[in-house]
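Presented below is the structure to which this report refers.
We name chains A, B, ... by the order of the sequence lines, and we start the count at 1 in each one.
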2 protein chains.
Amino acid sequence: MEQPLDPYLQRTLTQMRRGTLELAVLLAIARQQEAYASDIVTELERANQLIVEGTLYPLLARLREEALVSYRWEESASGPPRKYYQLTDRGKHALSALQTSWHETITSLTQLAAK
Amino acid sequence: MEQPLDPYLQRTLTQMRRGTLELAVLLAIARQQEAYASDIVTELERANQLIVEGTLYPLLARLREEALVSYRWEESASGPPRKYYQLTDRGKHALSALQTSWHETITSLTQLAAK
DNA sequence: TATAGTACCTTGTATAGCAAGGTACCTAGG
DNA sequence: CCTAGGTACCTTGCTATACAAGGTACTATA
């Protein structure tokens with residue numbers, strides 16, 4: 001039973017997603033070696049990270065432009081062809097750098113929260 | 001010795017800050033009971049969270065509009081008067097809610113990162 | 001009466017999440 | 001056939017916010 005969220009909290013959580021979605025998507029791709037958009041959505045849902053198409057497709061396009069991921073087309077028996085994404089070497093390095101920053105952020109906030 | 005950052009990483013880290021700065025500022029105020037802008041900057045620097053004036057002042061104004069903080073003026077012997085901020089009850093609740101979301105996010109990403 | 005230090009705040013720009021809407025492929029039922 | 005439903009890709013418009021840069025004003029000191 002979900003309560004409707006305070007608009008303030010809603011907005012702030014959206015901002016929080018900005019910092020983590022890109023990392024989460026890179027992790028989801030890394031985890032599966034190869035993934036197309038629906039795989040990523042499913043993988044993130046499993047981890048309670050919601051992402052919608054209007055967010056994911058532009059994000060994948062950015063990752064592509066930055067050469068963090070590459071893709072290949074694959075035909076599907078049950079619909080249009082799919083773009084399967086995989087991490088490039090550059091993507092693996094970026095993922096590693098982001099994880100480091102992420103851990104530093106956790107450390108900082110943990111320290112701030114300690115009385 | 002700081003290396004100049006990859007512009008991509010730079011941008012992404014800025015996005016990461018979006019999600020955490022508001023939480024960090026609320027924590028910094030809570031920690032000190034009362035704080036003015038410079039106190040907050042100092043407190044965050046100590047935790048390795050950089051924040052600049054052009055970010056902090058608008059953020060404090062937003063917190064004020066949302067009634068998460070209130071302030072009182074205090075004269076200073078060494079310059080212009082200062083605005084000392086403190087959390088309101090609503091602010092304490094919001095802080096608590098944000099911390100909960102923050103921990104959930106950590107859990108999600110930790111789960112995604114686990115092989 | 002300058003100059004330096006402190007403290008407040010605003011303007012303009014770029015970025016990215018999201019709602020909503022669009023195109024096109026495939027299969028199955030009538 | 002051809003229409004409906006499911007799948008998959010993508011775009012447009014809106015909004016929020018971090019940050020660089022610039023601005024005002026108070027106090028103390030030389």
Side-chain angles (χ1 to χ4, degrees), chain A residues 5-26 34-42 44 49-66 68-69 71-85 98 101 105, chain B residues 5-26 34-42 44 49-66 68-69 71-85 98 101 105:
Chain A
L5 276 181
D6 182 352
Y8 157 76
L9 196 55
Q10 183 79 66
R11 256 198 342 269
T12 309
L13 295 186
T14 294
Q15 300 308 321
M16 204 176 271
R17 235 161 280 157
R18 284 204 189 218
T20 54
L21 270 189
E22 185 154 334
L23 174 54
V25 166
L26 289 173
E34 264 200 333
Y36 77 108
S38 281
D39 287 337
I40 296 172
V41 171
T42 305
L44 295 200
Q49 290 275 296
L50 300 189
I51 190 171
V52 294
E53 289 200 335
T55 301
L56 182 55
Y57 283 106
L59 201 170
L60 287 170
R62 286 200 309 276
L63 294 176
R64 177 67 194 68
E65 278 154 34
E66 290 289 339
L68 304 188
V69 299
Y71 65 80
R72 62 179 182 80
W73 284 102
E74 185 170 310
E75 309 260 317
S76 160
S78 64
R82 301 168 175 174
K83 270 186 173 176
Y84 276 87
Y85 288 90
L98 283 184
S101 301
T105 303
Chain B
L5 277 180
D6 182 352
Y8 158 75
L9 196 55
Q10 182 80 65
R11 261 199 336 271
T12 309
L13 295 186
T14 294
Q15 299 309 320
M16 203 177 271
R17 234 162 278 152
R18 285 203 188 219
T20 54
L21 269 189
E22 186 154 334
L23 174 54
V25 166
L26 288 174
E34 263 199 335
Y36 77 108
S38 283
D39 288 338
I40 296 172
V41 171
T42 305
L44 295 200
Q49 290 273 296
L50 300 189
I51 190 172
V52 295
E53 289 200 334
T55 301
L56 182 55
Y57 282 107
L59 201 170
L60 287 171
R62 286 200 310 275
L63 294 177
R64 177 67 193 68
E65 278 153 34
E66 291 289 340
L68 304 189
V69 299
Y71 65 80
R72 63 179 180 79
W73 283 101
E74 186 171 309
E75 310 260 316
S76 160
S78 64
R82 302 168 175 175
K83 269 186 174 176
Y84 276 88
Y85 288 90
L98 283 183
S101 301
T105 302

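Of the charged side-chain nitrogens involved, at least one lies within less than 4.0 Å of a carboxylate oxygen, so that B:Arg11 and A:Glu66 count as a salt-bridged pair.
Nearest-nucleotide assignment on DNA chain C puts the 5′-proximal partner with B:Gly79, out of B:Lys83 and B:Gly79.
Residue-level contact check: A:Ala37 touches the backbone only, with heavy atoms under 4.0 Å from sugar-phosphate atoms and none from bases. Among the protein residues, B:Ser76 comes within range of no part of the nucleic acid, since none of its heavy atoms lies under 4.0 Å from any strand.
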For nucleotides 15-21 of chain C, read 5' to 3', which letter fits each nucleotide if B means a protein heavy atom sits under 4.0 Å from the base, S means only the sugar-phosphate is that close, and - means neither? BBSBBB-
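Per the geometry, OH belonging to A:Tyr84 stands 14 Å off P belonging to D:dT7, to the nearest Å. Separating the OH atom of A:Tyr85 from the P atom of D:dA8 is a distance of 14 Å, rounded to the nearest angstrom. Atoms CD (B:Glu75) and C1' (D:dA25) sit 14 Å apart, rounded to a whole Å.
Distances shorter than 4.0 Å separate some side-chain N or O of A:Tyr36 from OP1 or OP2 on D:dA8. A sub-4.0 Å separation between OP1 or OP2 of C:dT6 and a side-chain N or O of B:Ser78 is absent.
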Going through the distances and angles, do B:Leu68 and B:Arg62 end up as a side-chain contact (heavy atoms from CB on, under 4.5 Å)? CA-CA 9 Å; B:Leu68 304 189; B:Arg62 286 200 310 275; over 6 Å; no
Verify side-chain contact (heavy atoms from CB on, under 4.5 Å) between B:Lys83 and B:Trp73, making sure each step is shown before the conclusion. CA-CA 5 Å; B:Lys83 269 186 174 176; B:Trp73 283 101; 3.5 Å; yes
